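Only one structure is covered here, and it is reproduced in the block below.
Starting from 1, each residue takes its place in the sequence as its number. All of these numbers come straight from a predicted model, not from anything done at the bench.
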Amino acid sequence: MWTQKQPDTYVIFIVDKDYPGGGLPLYEYEVLPKGHETRMDFGLHFVVVNGEWQEKDELGRLMADMHESNPMKMHYPVLARRCLDLKTDDK
């Protein structure tokens with residue numbers, strides 16, 4: 001019998017549009033057995049990040065950076081440096 005609780009696992013999808021259409025920054029989905037309403041707590045979480053979300057919050061600034069082609073205009077320095085490296089490195 002499995003008695004030890006395993007750490008939760010998150011699968012995060014960053015999508016370019018708000019496919020669920022609710023206007024939210026994130027959508028979290030549960031795993032349900034097909035044909036039943038019983039919630040199964042496997043510690044598995046699916047999160048869909050709305051890539052259109054570009055509000056003045058941390059997630060909005062990150063999504064704006066994901067759409068920005070110029071690293072000099074990005075909000076997050078770590079991401080900007082990495083993008084600049086990738087764009088200027090000949091390898």
- Message: If hydrophobic clusters are built from ILVMFWY residues whose side chains come within less than 4.5 Å, do Ile12 and Leu62 share one?
- Response: yes
- Query: Of the non-hydrogen atoms in Cys83 and Met74, which two are nearest, and what is the gap between them?
  - Reply: SG-CE, 3.7 Å
- Task: Verify the cluster assignment for Leu24 and Val15: are they in a single hydrophobic cluster under the rule of side-chain heavy atoms below 4.5 Å apart?
- Result: yes
- Of all heavy-atom pairs linking Tyr27 and Gly22, the shortest is OH-N, 2.9 Å
- Any pair counted as salt bridge (Lys or Arg N to Asp or Glu O under 4.0 Å), so long as it reaches residues 43-53, sequence neighbours left out: none
- Residues passing the ring-ring contact (aromatic ring centres under 6.0 Å, His included) test with Tyr10, sequence neighbours excluded, are His45
- Message: Quick test of your reading: applying side chain to side chain donor-acceptor pair (under 3.5 Å), list the pairs with at least one residue in residues 66-82, sequence neighbours left out, ordered by first then second residue.
- Response: Asp65-His75
- Would you say Lys87 and Pro71 make side-chain contact, with heavy atoms under 4.5 Å? yes
- Task: Provide the full list of salt bridge (Lys or Arg N to Asp or Glu O under 4.0 Å) pairs with a residue in residues 6-23, sequence neighbours left out, each pair given once.
- Result: Lys5-Asp8
- Query: Can you name the residues that form a side-chain contact (heavy atoms from CB on, under 4.5 Å) with Leu26, not counting sequence neighbours?
  - Reply: Val47, Val49, Leu59
- Tyr29 to Val48 - nearest heavy-atom pair and separation: CE1-CG2, 3.7 Å
- Task: For Met66 and Ile14, work out which heavy atoms get closest and say how close.
- Result: CE-CD1, 4.1 Å
- Results of salt bridge (Lys or Arg N to Asp or Glu O under 4.0 Å) for Glu28 - residues two or more places apart only: none
